[in-house]
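Written below as structure tokens is the structure these notes are about.
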Amino acid sequence: MTAHELAETAQALVAEGKGILAADESGGTIEKRFDSIGVESTEENRRAYRELLFTTPGANEFISGVILYDETLRQVAAGGEHPFPLLLADQGIIPGIKVDTGAKALAGAPGEKITEGLDGLRERCAEYYALGARFAKWRAVITIGDGMPSAYCIDANAHALARYAAIAQEAGLVPIVEPEVMMDGDHGIERCAEATEAALNALYRELHAQRVMLEGSLLKPNMVLPGAGHATPASVAEVAEATVAVLRRCVPAAVPGIVFLSGGQSDTVATAHLNAMNAMDTAQPWQLSFSYGRALQAPTLEAWAGKAENATAAKDALYRRARLNGAARYGRYSAEMEREAAA
Ligand code: 13P
């Protein structure tokens, strides 16, 4: 794998009008999602649900890549002939893999987390590449609270993200680096901006120190938002402006794209925020795109409800959200499109 190939994959993931579907929920997270629709989280139910997502007709018009979980990367579509990574690649969708093993308590920092998964990562990345993955994801969790985030938490997570990114590139996988500043709390938008700026500055310092090739990487950040419990919500324009301002300060132009997480925003709000950023007059050095989990899947999960006979309606719901986010990639989304698309 050459540097050129890594850069090509990174660019393909943020191709015009397209973004990423995050379908890499760990065992615990998918169980929570299934609980919300009253479906038991068995291996077969997880497989059937992921197959539904990956066989949505036309999704490849707007979806460039899908992030998978270890179990899903090894699963096969009904009929037994198409392993999921090949099923996706056949549609021109790039398969990716979540490679961290989760956020655990950070020693000496009550309430803060460090993401684990570096042990054995080189070998796992080699196996994932052989199974068809061409990009990877590692998520760090940064919490805002009393005395948080600490510089210790930010630095420890930035160091781990860079160690992961260097190993992923060596194995031919484009690393998506995800330092997620959580929405939990009643803080205002300024505190989220400060924490995001600190996390991104530390991250790019470490990526540089650890010789990561930025052209072959992508950033998956949170948007700059007030805490979920904050008294007054921010307008769409405020969020877009605050987010772009922080990113312009911190993210080098060599990075081909920024693919936002949705992080608990509703599906329509996540689309509106992305749209507002892409509709700004200022040209940005990187593509501004999406790598949504909940904001793409929520209506699909609801429509499916665990019943095979709802598969078509569930696929329609995914196609529709993907199309609306595809429009937001150009700044061409509007609230009326929600009504049209629902009709
Ligand atoms: P959400 O869009 O649901 O936040 O998930 C994206 C993701 O991959 C978080 O790691």
Side-chain angles (χ1 to χ4, degrees), residues 1-24 62-68 88 93-100 115 125 128-129 133-140 157-158 160-181 196 199-208 210-223 243-244 246-248 250-263 270 274 277-278 284-293 295-296 325-326 328-329:
M1 175 66 51
T2 63
H4 179 68
E5 285 169 310
L6 284 171
E8 263 186 1
T9 301
Q11 282 161 19
L13 286 166
V14 292
E16 274 197 11
K18 292 188 186 183
I20 295 170
L21 166 64
D24 60 326
F62 314 108
I63 301 293
S64 55
V66 175
I67 317 175
L68 307 168
L88 292 166
I93 297 175
I94 305 171
I97 178 76
K98 168 193 176 76
V99 299
D100 67 73
T115 301
C125 283
Y128 291 145
Y129 186 92
R134 290 296 176 268
F135 71 103
K137 179 193 108 169
W138 177 290
R139 170 175 177 259
N157 276 291
L161 275 161
R163 284 200 58 202
Y164 136 74
I167 291 171
Q169 286 193 333
E170 212 180 74
L173 302 174
V174 168
I176 297 188
V177 287
E178 178 179 5
E180 177 174 3
V181 176
T196 305
L200 293 177
N201 281 333
L203 175 60
Y204 281 97
R205 192 172 62 235
E206 283 295 336
L207 291 172
H208 174 71
Q210 299 191 43
R211 307 172 184 178
V212 172
M213 196 210 18
L214 297 184
E215 291 82 352
S217 75
L218 295 172
L219 173 67
K220 176 161 175 168
N222 53 282
M223 294 183 192
T243 304
V244 166
V246 167
L247 294 171
R248 288 179 67 89
C250 306
V251 186
V255 174
I258 294 174
V259 293
F260 293 101
L261 59 95
S262 59
L274 177 65
M277 288 185 239
N278 279 313
Q284 310 302 347
W286 1 254
Q287 293 293 314
L288 288 171
S289 184
F290 58 90
S291 173
Y292 293 158
L296 276 169
N325 283 300
R329 288 281 283 109

Approximate separation, where rounding is to 0.5 Å, of [X] [atom1] and [Y] [atom2]:
| X | Y | atom1 | atom2 | answer |
| --- | --- | --- | --- | --- |
| L161 | Q210 | CG | CD | 10.0 Å |
| K137 | D100 | NZ | CG | 7.0 Å |
| T196 | L247 | OG1 | CG | 8.5 Å |
| L274 | L288 | CG | CG | 7.0 Å |
| N278 | S289 | CG | OG | 8.0 Å |
| M213 | T2 | CE | OG1 | 8.0 Å |

Of the non-hydrogen atoms in [X] and [Y], which two are nearest, and what is the gap between them?
| X | Y | answer |
| --- | --- | --- |
| L261 | E178 | CD2-OE2, 3.2 Å |
| I67 | K98 | CG2-N, 3.8 Å |
| L200 | V251 | CD1-CG2, 4.4 Å |
| I94 | A12 | CD1-CB, 3.8 Å |
| V174 | A10 | CG2-N, 3.8 Å |
| L296 | I63 | CD1-CD1, 4.3 Å |

Checking R139 side chain against P179 main chain: does a donor-acceptor pair fall under 3.5 Å? no
Does the side chain of [X] reach to within under 4.5 Å of the side chain of [Y], using non-hydrogen atoms?
| X | Y | value |
| --- | --- | --- |
| P175 | Y164 | yes |
| L68 | Y128 | no |
| M277 | M223 | yes |
| I176 | I20 | yes |

Under the rule for ring-ring contact (aromatic ring centres under 6.0 Å, His included), what residues qualify as partners of Y292, not counting sequence neighbours? F290
Donor-acceptor side-chain pairing of Q287 and R329 below 3.5 angstrom: yes
Residues in side chain to side chain donor-acceptor pair (under 3.5 Å) contact with R163, at least two apart in sequence or another chain: none
Show me the donor-acceptor pairs within less than 3.5 Å that the side chains of residues 214-221 make with the rest of the protein, sequence neighbours left out.
| residue | atom | partner | partner atom | Å |
| --- | --- | --- | --- | --- |
| S217 | OG | L214 | O | 2.9 |
| K220 | NZ | S291 | O | 2.9 |
| K220 | NZ | S291 | OG | 2.8 |

